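Working notes, structure below.
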Amino acid sequence: DAGITQSPRHKVTETGTPVTLRCHQTENHRYMYWYRQDPGHGLRLIHYSYGVKDTDKGEVSDGYSVSRSKTEDFLLTLESATSSQTSVYFCAITTGRYTGELFFGEGSRLTVL
Amino acid sequence: AQSVTQLGSHVSVSEGALVLLRCNYSSSVPPYLFWYVQYPNQGLQLLLKYTTGATLVKGINGFEAEFKKSETSFHLTKPSAHMSDAAEYFCAVSVGNTDKLIFGTGTRLQVFP
């Protein structure tokens, strides 16, 4: 158990509203990731972080921003949600650099109406 | 650029039959390759990985995969399927052998009694 908690686990919101998803880890790992999972696309990397205030874009970062002010929390924000952002969002961490072994949270299912 | 292609979005086998899930990769550098499994309503977990060394790698739950450079393949096999193997399986390659993974679109495995 990598001690990853995502919140909220389920959210329904309306187009144009801001949404923030939270990923919390208890093990003090530096490397954290946000992925989205969609049928037919697998998982796609949105943003990642290598430490406090050290973040970078993944392959599908448009419409998303992130923040990491504390090691344990990695926040994903949709400034103005759109229906195309309806998805399941997964947070992941790695325990060491270049291991390739990601530990995933249980996911946050977001529906944008 | 790295990428993976999983052939077959759905695979059905009978309990006790051979499981074969196909994955082909593209990478400009010697790849790090991974198979992850996702059970319903859960995050992904690592089944096995290939980085360097022995090309036949063994993972959890009796699964194994063979790295074949000449065929750019990393197929996942299990000699005898069990009902509990029903899940979605994702092949992944690391980006430049970092912790950023590119995932395939997934193969859903069904196991019939």
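Naming: A, B, ... by sequence-line order, numbering from 1 per chain. The structure presented is a predicted model; accordingly, all values stated were derived computationally and were not measured.
For a residue to count as touching a neighbouring chain, one of its non-hydrogen atoms must lie under 4.5 Å from one of that chain's; by this rule B:L33 does not touch chain A.
Clustering ILVMFWY residues whenever any of their side-chain heavy atoms sit less than 4.5 angstrom apart, transitively, puts B:I60 in the very cluster that holds B:M83. Linking Ile, Leu, Val, Met, Phe, Trp and Tyr whenever their side-chain heavy atoms come within less than 4.5 Å leaves A:L113 and A:Y89 in two separate clusters. Hydrophobic cluster membership differs between B:L56 and B:Y89, with clusters built from Ile, Leu, Val, Met, Phe, Trp and Tyr side chains linked at under 4.5 angstrom.
Residue pairs meeting the side chain to side chain donor-acceptor pair (under 3.5 Å) criterion with at least one member in residues 34-45 of chain B, sequence neighbours excluded, are A:Q37-B:Q38.
Note: B:T105 leads B:I102, B:T105, B:L46 in heavy-atom pairs under 4.5 Å with chain A.
Within residues 75-84 of chain A, no residue approaches chain B closer than 4.5 Å by heavy atoms.
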N/O donor-acceptor pairs under 3.5 Å from side chains in residues 102-110 of chain A, not counting sequence neighbours:
| unit_1 | atom_1 | unit_2 | atom_2 | d |
| --- | --- | --- | --- | --- |
| A:E106 | OE1 | A:R9 | NH1 | 3.0 |
| A:S108 | OG | A:Q6 | NE2 | 3.2 |
| A:S108 | OG | A:P8 | O | 2.7 |

Give every donor-acceptor pair under 3.5 Å between a side-chain atom in residues 38-48 of chain A and any protein atom, sequence neighbours left out.
| unit_1 | atom_1 | unit_2 | atom_2 | d |
| --- | --- | --- | --- | --- |
| A:D38 | OD1 | A:R36 | NH2 | 3.1 |
| A:D38 | OD1 | A:S87 | OG | 2.8 |
| A:D38 | OD2 | A:R36 | NE | 2.8 |
| A:D38 | OD2 | A:R36 | NH2 | 3.3 |
| A:D38 | OD2 | A:R44 | NH2 | 2.9 |
| A:H47 | ND1 | A:D56 | O | 3.2 |
| A:H47 | NE2 | A:Y64 | O | 3.2 |
| A:Y48 | OH | A:D56 | OD2 | 3.4 |
| A:Y48 | OH | B:K100 | NZ | 3.1 |

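Taken to the nearest 0.5 Å, the CG atom of B:L44 stands 10.0 Å off from the OH atom of A:Y35.
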